[in-house]
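As structure tokens, the structure follows; a few thoughts come after it.
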Amino acid sequence: VSYDELGQIIKSINIFINKLHKSHEKLSKAKERLNKLYVTDRLTNLYNRNKIDKIIELEIKKKNRHENIFSVILMDVDHFKLINDTYGHVVGDMVLKEFADILKNNVRDTDFVGRWGGEEFIIICIQTDEKGASALARHLRLKIENFDFTTVGKETASFGIAACSNSDDAKSIVENADKALYEAKNSGRNKVVVYNSK
């Protein structure tokens, strides 16, 4: 094999390696996008229920092993059906996005915010007892109450809080937060209620 032929072979190999490298980069980016889609709510770009479930299960394990504390805040947009019925689903979706932005921009870096379903949102407050979670929920309630939502103007939200106890599992802590949220909505809305086992 002459030097010219060897040069051509090396050049061809280099081109092939570059193509492989570019294909690998594309595959990595595609995998990254798929992973993000798997854990992200498409409308709000918050974590989806699947991801939140996994986070809660992990925090339960940490609590059982290291006695870490954490709390769950469930939040529901007040009278959301009325927004959809009056302004349509496009405006309703815009309102949900704005709610999501308020939550994202007003929690700590260590907290996890997700869309629980429909007009319900959830926040996992790491290393936070019910007092800390309650303070955060009251702060968020005021931020929402004072925000001027696109098209619809002023809106409110109700909050239910549950701190993880030794007897809780991933299902019961969310159920407890949901009971507190139900009480907040039934007692007039635009409120923060902490779950009380009594």
Side-chain angles (χ1 to χ4, degrees), residues 29-30 32-56 70-126 128 130 132-162 173-195:
K29 283 177 183 173
E32 209 175 285
R33 280 195 298 273
L34 278 172
N35 285 340
K36 192 179 177 190
L37 283 171
Y38 181 67
V39 300
T40 307
D41 175 65
R42 283 173 59 193
L43 177 67
T44 61
N45 280 323
L46 298 177
Y47 286 126
N48 62 19
R49 192 164 182 157
N50 181 55
K51 176 66 175 175
I52 290 293
D53 280 339
K54 284 183 169 60
I55 291 167
I56 293 172
F70 77 98
S71 297
V72 170
I73 302 173
L74 265 183
M75 186 212 93
D76 189 89
V77 181
D78 292 332
H79 304 293
F80 185 72
K81 187 180 182 302
L82 188 62
I83 295 170
N84 274 341
D85 291 348
T86 307
Y87 301 99
H89 290 280
V90 173
V91 171
D93 285 351
M94 198 179 300
V95 168
L96 291 176
K97 286 179 189 175
E98 289 174 332
F99 264 93
D101 287 341
I102 292 169
L103 299 181
K104 271 190 289 196
N105 295 330
N106 288 281
V107 297
R108 301 168 306 176
D109 291 340
T110 53
D111 296 329
F112 296 94
V113 186
R115 185 176 179 201
W116 194 240
E119 68 273 19
E120 272 192 348
F121 297 88
I122 190 166
I123 304 167
I124 313 301
C125 304
I126 308 301
T128 308
E130 64 184 39
S134 184
L136 173 60
R138 287 195 304 272
H139 172 71
L140 291 169
R141 189 192 69 76
L142 284 172
K143 284 281 181 186
I144 289 163
E145 188 180 59
N146 294 320
F147 187 82
D148 197 24
F149 288 87
T150 305
T151 307
V152 302
K154 298 296 183 187
E155 291 298 329
T156 60
S158 301
F159 296 80
I161 296 162
I173 187 167
V174 175
E175 283 177 351
N176 292 342
D178 196 41
K179 286 172 189 171
L181 174 61
Y182 183 79
E183 190 181 324
K185 292 181 84 66
N186 271 11
S187 60
R189 293 182 167 87
N190 193 24
K191 288 184 176 180
V192 174
V193 173
V194 177
Y195 172 76

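Sequence positions, counted from 1, serve as the residue numbers for this chain. Note that the structure is predicted; figures quoted are calculated from it, not measured. The figures that follow rest on heavy atoms only: side chains count, while hydrogens, waters and symmetry mates do not.
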How many angstroms lie between [atom1] in [X] and [atom2] in [Y], if you round to the nearest 0.5 Å?
X: S158; Y: N186; atom1: OG; atom2: CG; value: 9.5 Å
X: W116; Y: D53; atom1: CH2; atom2: CG; value: 4.5 Å
X: H79; Y: N190; atom1: NE2; atom2: CG; value: 9.5 Å
X: Y195; Y: E183; atom1: OH; atom2: CD; value: 11.0 Å
X: L181; Y: D178; atom1: CG; atom2: CG; value: 6.0 Å
X: H139; Y: I102; atom1: NE2; atom2: CD1; value: 10.5 Å

Please examine the side chains of [Y] and [X], heavy atoms only from C-beta on, and report whether any two atoms are closer than 4.5 Å.
X: T40; Y: N45; value: yes
X: L136; Y: F159; value: no
X: I56; Y: V174; value: yes
X: I173; Y: F70; value: yes
X: I122; Y: L74; value: yes
X: T44; Y: K104; value: no
X: I124; Y: V72; value: yes

Discussion item. I'd like to know whether OH of Y182 has more than 12 heavy-atom contacts from other residues, nucleotides or ligands below 6.0 angstrom.
Written reply: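 No, because the 6.0 Å sphere around OH of Y182 holds 12 heavy atoms or fewer from other groups.
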Write down the atom of [X], the atom of [Y], and the distance for their closest heavy-atom approach.
X: I126; Y: R108; value: O-NH2, 2.9 Å
X: V95; Y: F149; value: O-CE2, 4.1 Å
X: C125; Y: D111; value: CA-OD1, 3.3 Å
X: A133; Y: T128; value: N-CG2, 3.3 Å
X: G92; Y: N84; value: CA-OD1, 3.4 Å
X: M75; Y: I144; value: SD-CD1, 3.8 Å

Item to complete: For this output row, return yes or no: ring centroids of F147 and F99 closer than 6.0 angstrom.
Response: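 F147 vs F99: aromatic centres not under 6.0 Å.
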Practice prompt. Only pairs at least two apart or in different chains count here, so list each salt bridge (Lys or Arg N to Asp or Glu O under 4.0 Å) that has a residue in residues 142-158.
Written response: R141-E145
Worksheet item: Which residue pairs pass the salt bridge (Lys or Arg N to Asp or Glu O under 4.0 Å) test when at least one of the two sits in residues 41-51, sequence neighbours left out?
Response: D41-R115
Practice prompt. Taking N106 for its side chain and L140 for its backbone only, find out whether a donor-acceptor pair lies under 3.5 Å.
Written response: no
Item to complete: Please determine which of D76, I73, V77 meets the side-chain contact (heavy atoms from CB on, under 4.5 Å) test together with F121.
Response: V77
